[in-house]
Amino acid sequence: MIQSAMLTSGNNSSHPMYFTLLGIPGLENSQFWVAFPFCAMYVVALVGNITLLHVIRTDPTLHEPMYLFLAMLATTDLVLSTSTQPKMLAIFWFHDREIEYHACLIQLFFIHAFSSVESGLLMAMALDRYVAICFPLHHSSILTPAVVGKLGAGVMMRGLLWVSPFCFMVSRMPFCPIRIIPQSYCEHMAVLKLVCADTRVNRAYGLFVAFSVVGFDIIIISVSYGMILRTVLQLPSSEARLKAFGTCASHICVILAFYIPALFTFLTHRFGHHVPRVVHIMFAILYLLVPPMLNPIIYGVRTKQIRDRVIQGCCGKKF
C-alpha cells in the first residue's frame, strides 16, 4: 500500500502522491462550527480588498504612491487568503483532508512568497511615509510612478527568488511513509518534518530567509519611523503634529496586525515546543487571515479619500 502511494523520481528520491491535512488537531469535533467565523473573515477580506482595488483603480486622484502601494498590498492579501482558506473550509465542512503533493508545494510556495511580498510592501509603505513627512516638497519627484513600480517589482522578485529554493529542495528529498500534516495548510516546516533525510540545510536556509527578509524590513521600518518621529516632534504646532501622526496611524496598525502573529507563528514553530498545538495552529491560521481582513477596514475607516469614495459608491453621496 505504501509503495502504491509513492512516486519515484529519477534521482532515487520519493514523494507521496498526496498529504493528509488534519485541520486543527484537538478541535476535530468543533471544526465544523469554527469554520463559520473563518469563512466570515475570508468573505470580509475578499469584499474589502476587491473594493479597495476598485476604488483606487477608478479614481485618478488616488493614483499616488501611498495608494498604489495599498493596491499592491490588497492584491497580495487576496492571494494569501485565497491560497489557504478554500481548502481549509473544505477540510472543516466536508472532511476533504487530502491534498495532492504538487498542490501542497504550490500552496507552500504561495504562502511563503507572498508573506515575503507583504512584508516588503509594508517596508516600502514606511519609506513612502518617511519621504512624505520628512521631504514633503520632493515627495512626488522622488516617488514617481516608475519608482513605485520598480519598488513593487523588486519586492515581488525578492519573494519569488528567496522562496523558490524551498520548493526545489523539498521536492528533491525522500519522504517517510507517514504523510500526515497536523495543520490546516502546507507550510515549509510542517512539510519538512515528513522528510526521511537530513534537513539541516533546509532548516538553515529557512532561518536565513526569515531573518534576512523580515529582519531587513523591520530595520528599515524602524529607522523610517524613527526619522518620522524626530521630524514630527520638531513641527511648531500641535495640530500639525497630530495630522502627521494621523497619516501614519493606519500603517502602524497594519504593521502590528501582520508582524505580531507572524513572529509568534515563526518562533513557536522552531522554539515553542511547550506551546499547546491548538494555540500554535490557531495563530498560524489567523496570521494568514487577520491581516487581509483588517487592512482594507483600517485604511477604509482611517483614510478619508477612500472612505469618501466608498460611501459615494454605496449611497451616491457626493463629497
Side-chain angles (χ1 to χ4, degrees), residues 21-27 31 34-35 37-46 48-49 73-89 91-92 99 104 106-123 125 155 159 162-163 166 181-193 206-207 209-215 217-218 221 251-273 275-299:
L21 298 167
L22 295 184
I24 308 177
L27 292 180
Q31 287 185 158
V34 170
F38 288 155
C39 181
M41 295 166 71
Y42 179 50
V43 170
V44 171
L46 286 180
N49 285 291
L73 187 67
T75 304
T76 303
D77 284 338
L78 287 172
V79 174
L80 267 180
S81 56
T82 303
S83 65
T84 57
Q85 294 309 305
K87 179 61 179 177
M88 191 182 305
L89 294 175
I91 295 171
F92 294 163
I99 182 170
C104 182
I106 291 171
Q107 188 183 60
L108 182 156
F109 173 79
F110 272 89
I111 290 171
H112 290 285
F114 281 88
S115 293
S116 170
V117 171
E118 178 134 358
S119 178
L121 288 174
L122 293 176
M123 178 265 294
M125 293 171 78
V155 166
W162 272 158
V163 174
F166 282 164
I181 299 176
Q183 284 204 33
S184 303
Y185 56 82
C186 293
E187 189 268 343
H188 180 240
M189 288 299 297
V191 173
L192 210 57
K193 290 176 182 178
L207 286 172
V209 171
F211 283 113
S212 62
V213 170
V214 177
D217 292 345
I218 289 180
I221 290 171
H251 189 227
I252 293 174
C253 292
V254 168
I255 289 172
L256 295 176
F258 176 76
Y259 280 114
I260 290 177
L263 290 174
F264 180 87
T265 300
F266 172 78
L267 293 174
T268 53
H269 233 316
R270 288 159 176 79
F271 311 112
H273 304 297
V275 177
R277 179 174 289 180
V278 171
V279 175
H280 165 67
I281 293 176
M282 291 296 288
F283 262 88
I285 294 172
L286 295 175
Y287 150 60
L288 295 177
L289 188 55
V290 170
M293 178 195 70
L294 285 182
N295 290 351
I297 295 175
I298 291 171
Y299 279 103

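Predicted model only: the values in this text are computed from it and were never measured. These values consider heavy atoms only, across backbone and side chains, with no hydrogens, waters or symmetry-generated copies.
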OG/S83 to CG/L288 distance, rounded to the nearest 0.5 angstrom?
6.5 Å
Taking the side chain as every heavy atom from C-beta outward, state whether C186 and I99 have any atom pair closer than 4.5 Å.
yes
Non-hydrogen side-chain atoms of L286 and M41 separated by less than 4.5 Å:
yes
Please report the closest heavy-atom contact between S212 and W162, naming both atoms and the distance.
OG-NE1, 4.2 Å
Please tell me if the side chains of E187 and Q107 come closer than 4.5 Å, counting only heavy atoms from C-beta onward.
no
Residues at least two apart in sequence or cross-chain that pass side chain to side chain donor-acceptor pair (under 3.5 Å) with T82, listed by chain then number, are Y42
With S115 via side chain to side chain donor-acceptor pair (under 3.5 Å) - residues at least two apart
Y287
Name all residues meeting the ring pair (Phe, Tyr, Trp, His ring centres under 6.0 Å) criterion together with F283; count only those two or more places apart in sequence or in a different chain, and write none if there are none.
F264
What residues, two or more places apart in sequence or in another chain, satisfy ring pair (Phe, Tyr, Trp, His ring centres under 6.0 Å) together with F114?
F110
From S119 OG over to I221 CD1, what is the distance, rounded to the nearest 0.5 angstrom?
6.0 Å
Checking V254 now: which residues fulfil side-chain contact (heavy atoms from CB on, under 4.5 Å) with it, not counting sequence neighbours?
L73, L122, N295, I298, Y299
Non-hydrogen atoms of L80 and I111 that approach each other most closely:
CD2-O, 3.6 Å
Under the rule for side-chain contact (heavy atoms from CB on, under 4.5 Å), what residues qualify as partners of I260, not counting sequence neighbours?
L256
Taking side chain as C-beta onward, heavy atoms only, is C104 less than 4.5 Å from I181?
yes
Please report the shortest heavy-atom distance between L294 and A257, naming the atom on each side.
CD1-CB, 4.1 Å
Separation between NE2 (H112) and CZ (F166), nearest 0.5 Å, reads 6.0 Å
Who passes side-chain contact (heavy atoms from CB on, under 4.5 Å) against P292, sequence neighbours left out?
A45, N49, D77, S81
Report yes if some heavy atom in the side chain of M293 is under 4.5 Å from a heavy atom in the side chain of L289; otherwise report no.
no
For S116 against G159, the heavy-atom pair lying closest together
OG-CA, 3.5 Å
Not counting sequence neighbours, which residues clear side-chain contact (heavy atoms from CB on, under 4.5 Å) with S184? List them please.
I24, M88, F92, I281, I285
